[in-house]
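Read the structure below first, then the notes.
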Amino acid sequence: MYKNIIVLGSTGSIGTQTLDVCRKHNIRVLALSANRNTALLEQQAREFRPEYVCVTDTQTAEEFAPVAGELGIKLFKGKEGLVELASLKEDALVLNAVVGIAGLDATLAAANSKKDIALANKESLVTGGQLVMDAVKANGVKLLPVDSEHSAIFQCLQDHESAKSLKKIILTASGGPFFGFDSSRLETVTKAQALKHPNWSMGSKITIDSATLMNKGLELIEAVWLFGVKPEDVQIVVHRQSIIHSAVQYADNSVIAQLGSPDMRLPIQYAITYPERYDCPAPALDFYAMKDLTFERPDPDTFLCLKAAMEAIEKGGLYPCAVNGANERAVQLFLEDKIGFADIGRVVYKTLSHFNFQGEYTLKEVYETDKKARAFVDEQLLK
Ligand code: NDP
Ligand code: MG
């Protein structure tokens, strides 16, 4: 078990659940970060007494200075501050629970400063997968998945002899609140409906991604990078109950799955205690209480974000980064009531045919692509 942890995005849904796990196992929290929620950050700082904090929103950071002073905590500010946290000289696991491409630099910085990474920030792999995997390999660090599906796959691959004959990954999807809807019904759904996920309570961006199925598209790309498989070797299966968190199929067609209650503290804890297992705050499954476990096909022709992500990873290069950038901007506009729900899928899909981004890339090109994709969304939807 890691003894020290740096929690990036500690005020979010994954961040607060990570602190639950730290509390339970007395893990030393070396550093915390928030973007703007300094009220919660202060509460966390008073409880965990970290040595460092970062407030990424520079204006808000100034407001936190008196608290940091009183508690004797070193305060870092802005995007650069997040990178400094990920590169601290102390030996610690970096758990990255920042939302969006804003987490990429910190993932790279953690790897380059030889720190193992527990990754919730799937956008790091979606936007800069090649760069992240190169940095992880070059520095010989561990990249431990926090996303429940990827944690499940990782757990199913712990039989290292069998893992050599991996044939296929079965990536399960809850289907979100609008599963079974056709395109015309998607036109009329509201923000309140989209923000209500049937099985999980999460941050607003990933909740919308779950409703559009972009989340599953991002997870497909994440799986391709994490497990070194081809996109066609990942089968997405809608499993409404979110009990089977994903599965793997080996050469002999044996399928090994990981099951558990829908509670992120289990995959978070496994990333921290790997390869050991301990008592966990997540409740145990009650097989007598479970009724049906169902399996269905996803519908990418209706959920265009999923289609865009599937095509983007097939095309490779910076296509995944472009669809991610378009999605981040479109979700932001939807949450600000500036566009409709169905606009998200339409514009994300359109981004694919608008750009040509094949081949290898640099970090600078990642950010340029992200910027172009966001500008394309504004141009299309805010005329
Ligand atoms: P939240 O929105 O709940 O939390 C995001 C965290 O990142 C907060 O601490 C927030 O600070 C901080 N943050 C926001 N914007 C920035 C920025 N520009 N720069 C730096 N920090 C920022 O998100 P979740 O916890 O739901 O998700 C975090 C990541 O984990 C995402 O990549 C998501 O896809 C992934 N994930 C989440 C799951 C879940 O169950 N929630 C499941 C699987 C993966 P502040 O509070 O101050 O705004
Ligand atoms: Mg997931």
Side-chain angles (χ1 to χ4, degrees), residues 7-20 31-44 53-61 63-64 76-86 95-107 117-127 145-154 171-176 195 197 199-210 213-223 226 236 239 242 244-246 258 260 262-268 271 282 324 327-328 331-332 335 370:
V7 186
L8 309 180
S10 64
T11 49
S13 161
I14 294 290
T16 51
Q17 294 180 87
T18 300
L19 294 180
D20 279 352
L32 296 168
S33 95
N35 189 39
R36 284 209 187 101
N37 189 350
T38 46
L40 182 54
L41 185 67
E42 177 176 347
Q43 218 177 301
Q44 295 177 341
V53 298
C54 174
V55 179
T56 41
D57 183 84
T58 39
Q59 234 169 342
T60 317
E63 295 163 21
F64 198 75
F76 290 103
K77 298 172 195 170
K79 286 197 277 197
E80 301 74 20
L82 200 65
V83 167
E84 296 204 54
L85 279 201
L95 189 138
N96 188 349
V98 166
V99 61
I101 193 173
L104 173 61
D105 281 349
T107 301
I117 305 159
L119 192 68
N121 178 256
K122 60 191 85 181
E123 295 91 344
S124 288
L125 281 172
V126 173
T127 56
V146 168
D147 212 344
S148 58
E149 294 77 0
H150 304 73
S151 173
I153 296 159
F154 182 62
L171 182 70
T172 54
S174 74
L195 281 171
H197 193 278
N199 304 339
W200 300 94
S201 161
M202 310 178 283
S204 55
K205 192 261 179 180
I206 185 177
T207 304
I208 301 303
D209 286 349
S210 299
L213 289 201
M214 185 66 184
N215 186 48
K216 214 43 59 178
L218 299 177
E219 290 183 356
L220 161 68
I221 300 167
E222 186 185 7
L226 275 175
I236 298 172
H239 164 52
S242 302
I244 298 179
H245 295 306
S246 278
Q258 188 262 340
D263 188 316
M264 286 306 297
R265 290 173 298 184
L266 198 160
I268 291 168
N324 178 76
N327 180 63
E328 285 194 28
V331 170
Q332 185 187 4
L335 289 171
D370 178 68

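All heavy atoms count here, side chains included; hydrogens, waters and symmetry mates do not. For the single chain, residues carry numbers from 1 onward in sequence order. Note that ligands are numbered from 1 as they come in the structure, with each ligand's atoms numbered from 1 the same way.
Remark: minimum distance from atom 17 (C) of ligand 1 to any protein heavy atom is reached at Ala102 CB, 3.7 Å. The shortest contact between atom 20 (C) of ligand 1 and any protein heavy atom is with Thr56 OG1, 3.3 Å. Closest to atom 35 (C) of ligand 1, if we only count protein heavy atoms, is Ala120 O, 3.2 Å. In this structure, the protein non-hydrogen atom closest to atom 6 (C) of ligand 1 is Ala97 O, 3.5 Å. When hydrogens are left out, the protein atom nearest atom 26 (O) of ligand 1 is Gly203 N, 2.9 Å; that is the closest non-hydrogen contact. Closest to atom 34 (O) of ligand 1 among all protein heavy atoms lies Lys122 CE, 3.2 Å. Protein heavy atom at the shortest distance from atom 45 (P) of ligand 1 is Thr11 OG1, 3.4 Å.
Between Gly9 and ligand 1, at least one N/O pair is under 3.5 Å apart. Residue-to-ligand polar distances place Gly12 within reach of ligand 1: an N/O pair is separated by less than 3.5 Å. Considering backbone and side-chain N/O of Ser201, none are found under 3.5 Å from N/O of ligand 1. Considering both main-chain and side-chain atoms, Ser204 never comes within under 3.5 Å of ligand 1 through any nitrogen or oxygen pair. The shortest N or O to N or O distance between Ser13 and ligand 1 is below 3.5 Å.
Heavy-atom distances between Glu123 and ligand 1 reach below 4.0 Å in at least one pair.
In this structure, the side chains of Val55 and Lys77 stay at 4.5 Å or more apart for every pair of heavy atoms. Between Ile14 and Leu95, some side-chain heavy-atom pair lies under the 4.5 Å cut-off. At a threshold of 4.5 Å between non-hydrogen side-chain atoms, the residues Ile206 and Leu218 do not count as touching. With contacts defined as side-chain heavy-atom distances shorter than 4.5 Å, the pair Ile208/His197 does not qualify.
Side-chain contact, Asn35 with Thr56: a donor N or O sits under 3.5 Å from an acceptor N or O. Side-chain N/O atoms of Ser242 and Asn199 include a donor and acceptor closer than 3.5 Å. The closest side-chain donor-acceptor pair between Glu123 and Asn121 falls under 3.5 angstrom.
The Mg ion (ligand 2) forms the vertex of an angle spanning OE1 of Glu149 and OE2 of Glu219; to the nearest 10 degrees it equals 100°.
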Asn327 vs Asp209, test: side-chain hydrogen bond (donor to acceptor under 3.5 Å, both in side chains). Steps then yes/no. CA-CA 8 Å; Asn327 180 63; Asp209 286 349; 3.0 Å; yes
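The residues Lys79 and Glu84 are annotated as not salt-bridged, no charged nitrogen and carboxylate oxygen being separated by less than 4.0 angstrom.
Tested against His150 for a side-chain hydrogen bond (donor to acceptor under 3.5 Å, both in side chains), the candidates Glu219, Glu222, Lys122 yield a single pass: Glu222. Under the side chain to side chain contact (heavy atoms under 4.5 Å, CB included) test applied with Asn96, the options Leu8, Val7, Leu82 reduce to a single match, Leu8.
Ala106 and Ala86 get closest at one heavy-atom pair: O-CB, 3.4 Å.
Heavy-atom proximity to Arg36, at under 4.0 Å, picks out these atoms of ligand 1: 45 (P), 47 (O). If you number the atoms of ligand 1 from 1 as listed, the ones under 4.0 Å from a heavy atom of Met264 come out as 40 (O), 42 (C), 43 (C). With ligand atoms numbered from 1 in the order given, ligand 1 contributes 32 (O) to contacts under 4.0 Å with heavy atoms of Asn121.
In terms of distance to the Mg ion (ligand 2), the nearest N, O or S atom of Asp147 is named OD1.
In this structure, of Asp147, Asn215, Ile206, the residue bringing a heavy atom nearest to atom 36 (N) of ligand 1 is Ile206. Between Ile268, Leu41, Val98, it is Val98 that holds the heavy atom closest to atom 7 (O) of ligand 1. Residue Ile14 holds the heavy atom nearest to atom 38 (C) of ligand 1 of all those in Asn35, Thr16, Ile14, Leu32.
Within the 4.0 Å heavy-atom criterion, both parts of Met202, backbone and side chain, lie near ligand 1.
More than 12 heavy-atom neighbours from other residues, nucleotides or ligands sit within 6.0 angstrom of CZ on Arg265.
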